[in-house]
Amino acid sequence: MSTVPTFSRRHLLGIEGLSALEIESLLDLAEAEIGVSRQIEKKKAVLRGRTQINLFFEASTRTQSSFELAGKRLGADVMNMSVGISSVKKGETLVDTAMTLNAMRPDILVVRHHAAGAAELLAQKVECSVINAGDGAHEHPTQALLDALTIRRHKGRLQGLTVAICGDVRHSRVARSNILLLQVMGAEVRVVAPSTLMPARIDRLGVEAFTDMRQGLAGADVVMMLRLQRERMAAAYVPSVREYFRFHGLDTEKLAFAKPDAIIMHPGPMNRGVEIDPLIADGARSVIREQVEMGVAVRMALLEALARNLPNA
Amino acid sequence: MPDARTQSAGLPNGGHSPLVLENARIVDPSRDLDATGTVIITEGRIAGAGPETMGQGVPDGAEVIDCAGCAVIPGLVDMRVFVGEPGAEHRETLQTASLAAAAGGVTTMVTMPDTDPVIDDPALVDFILRRARDTAHVRIHPMAALTKDLAGEELSEFGLLKDAGAVAFTQGRRSLRSAQVMRNALTYARDFDALIAHHPADADLTSAGVMNEGEVATRLGLPGIPREAETIVLDRDLQLAALTGGRYHAALVSCAASVDAIGRAKSDGADVTAAAAITNLSLNDNDIGPYRTFFKLSPPLRAEDDRLALVRGLADGIIDVVVSAHDPQDVEGKRQPFAEAADGAVGLDTLLAVGLRLVHEETLPLTRLIDAMSTRPAALLGLEAGTLAAGAPADLAIVDLQRPWVVSEDLLHSRSHNTAFEGARLTGKVIRTIVAGRTVYQYD
């Protein structure tokens, strides 16, 4: 296994545009990082002296702590900045914040923002590397990478697998990044959602769209569930939790249509009893907790790959 | 009505000495004329323009301009211009907008009432006209608010506002939610022969999105605005126009289905007209690329088949008018993530040159373009403009139809720089713009 990545970009703003080779090299490097996290001495020095800022405009315990641990395990100085509603109210724009942080000379900026394109905009304004940790309903590339790593460890490959992405595809950056990544890697991707939560012209992304879970799951190797936010009820996308669960929640009966060895995934945080039956979420075929572990590994791999391309590296 | 004819701020070079434009290709849609000839201007008015004036001799003291290789057109009448005066002068004043207008061959601009305060009172119409007279380089006619404070509830004083100089009534950027208010507006407008200019856009469907709904939006993860946001309200308005007999003008349309709807209404005999923005006629949603906020517009840039339908509608005359929809936004408003950025683009400087693309690619005759940008809007608004007929005010532009240029920020005269045509290679440049016989812009 090679530990010299062919990934030589300055930023990771999305999966779009990445080649299969680049993705594979990141996944291979991530395999090696898993070992680091499982040692007692969970430290490497590749980011020693480097400053990593996690700039989160949206609260996210999971992604933020994963990036924080990944940076620290590689020896970086990590600062978390949670920019709440208050400073937005003070009138400071995203670009103002970026310029201020840029003046503090960070090496890597990890950004999560509620607006699509925010990471791209930041990358235009700062001199350091930018990692998109989720921008609106656009992309969440490290989630797709960690999902791919998890799938690869269970299925030994991505090529030729059938992956069903189910739930609120319309509002999901996880879905978009996964669709892009899985297709580059040669998997067949399906999306399953009520029509109100299906993005317009999703067929143009090369996926097959289903509104019926049973049809969408038929013969699937991987079932990837998405979180349904409660706000969707207020905005008239779906009528109620119980109706959603009945038709789009993953339960034993619907799961029976997938392959017997299909694995169950969820980017978290889960709404048990909304999009997924608790028995399945915590059952033997669920790899949801493993996804969290792979998240740290993938982010370490990405940080390490970016570090090699930093100035003076 | 106050006389807005003598409001030129008076750049040097001109005064009221006679002007003779020789060897010009005279394009005057008002007389169905496209021929080589001479234009003679005396006392700020056209004394003659056409082949028949050739060799008639030159009035005493006249400045003679050889226009060989150039077209002379009636000055453009831009029916949809947003300014920042009063209230947001840092974005645009009447003066800076008029400089951009002059550079673009626009000799009459019609301003929108979406200012602070809203232009919904005769005294404010008078304010605009006086500021225009004192500071602007081209003619300015305000549209007044259709409803008080643009709130969409109470009608503004159509009669008093029209007397003060308002040329039409509009909700500006907004769209009327209430069919009942629209019905009453169209009905009441008949008594004053007032024109209702309305941007049809369903408020709920529009506010749920930030760009055209479709593949590009899905890829960018941006919420889409369906075409039906426009057609639902347009269909409502067209039915109400038929019901009331009021004069209705769809101030901006962007989709193929809207062209069809307007075509049907016209063939049914309704007194309706429509305009499209030059941006919607020349760009599509692919141009947004990586979240370029200068392409965030209202109505949004649609798909290529919509654009083509608009161009066909323009050629057929279903789309009567082309506007710049000039909407200056400051850096702060545009340097945002796409979904949070302000809508709008400046367009006075580039209106004609971008329109000429359609002429050069032979999808539109030059006379129809000039008709849609000058003669037709002047007629709709009842303005003494849009023609080179003898006796008309000498508002015109000399255009080198073949001169190539590249749009760059420093060439634009607007105070704001949010152009959707930065870096665009255009063919056709305004060489000189004349208002009331005086040169207000000269390219050097």
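Computation of the quantities below employed the complete heavy-atom set of this structure, encompassing side-chain atoms and omitting hydrogens, waters and symmetry-equivalent molecules. Residue numbers start from 1 in every chain, and the chains themselves are labelled A, B, ... in the order their sequence lines are given, proteins ahead of strands.
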Test: [X] and [Y] ion pair at under 4.0 Å:
X: R173(B); Y: D343(B); result: no
X: D330(B); Y: R415(B); result: no
X: R357(B); Y: E361(B); result: no
X: R227(B); Y: E230(B); result: no

Practice item. Name, in order of residue number, those residues of residues 120-136 of chain A that have a heavy atom at a distance of less than 4.5 Å from a heavy atom in chain B; otherwise write 'none'. Key: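 Expected list: E120(A), L121(A), K125(A), D135(A).
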
Point to revise | chain B contact residues among residues 169-189 of chain A, heavy-atom distance under 4.5 Å | key: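 Residues of residues 169-189 of chain A touching chain B at under 4.5 Å: R170(A), R176(A).
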
Practice item. Could you verify whether a donor N or O on one side chain and an acceptor N or O on the other, from Q64(A) and N54(A), lie under 3.5 Å apart? Key: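 Per modelled atom types, Q64(A) and N54(A) side chains form no pair under 3.5 Å.
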
Check your understanding: Cut-off 3.5 Å, side chains only: do T93(B) and T96(B) have a donor facing an acceptor?
Key ->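 T96(B) and T93(B) do have a side-chain donor-acceptor pair below 3.5 Å.
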
Check your understanding: side chain to side chain donor-acceptor pair (under 3.5 Å) between R112(A) and T63(A): does it pass, once the steps are laid out?
Key -> CA-CA 9 Å; R112(A) 153 83 51 107; T63(A) 306; 3.2 Å; yes

Review point. Checking R299(A) against F67(A): charged group under 6.0 Å from the ring centre and within 45 degrees of the axis?
Key: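 Yes, cation above the ring, under 6.0 Å and within 45°.
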
Practice item. Measure the CD-OG distance between Q291(A) and S66(A) for me, rounded to the nearest 0.5 Å. Key: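 These two atoms lie 11.5 Å from each other.
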
Review point. Out of E16(A), R201(A), E139(A), which one racks up the most heavy-atom pairs below 4.5 Å with chain B?
Key: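 Among the listed options, the one with the most contacts to chain B is R201(A).
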
Point to revise | Option that, when pairs with chain A are counted at under 4.5 Å, heavy atom only, ranks first among L220(B), V210(B), T293(B), L222(B) | key: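 If we count pairs closer than 4.5 Å to chain A, L220(B) comes out on top.
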
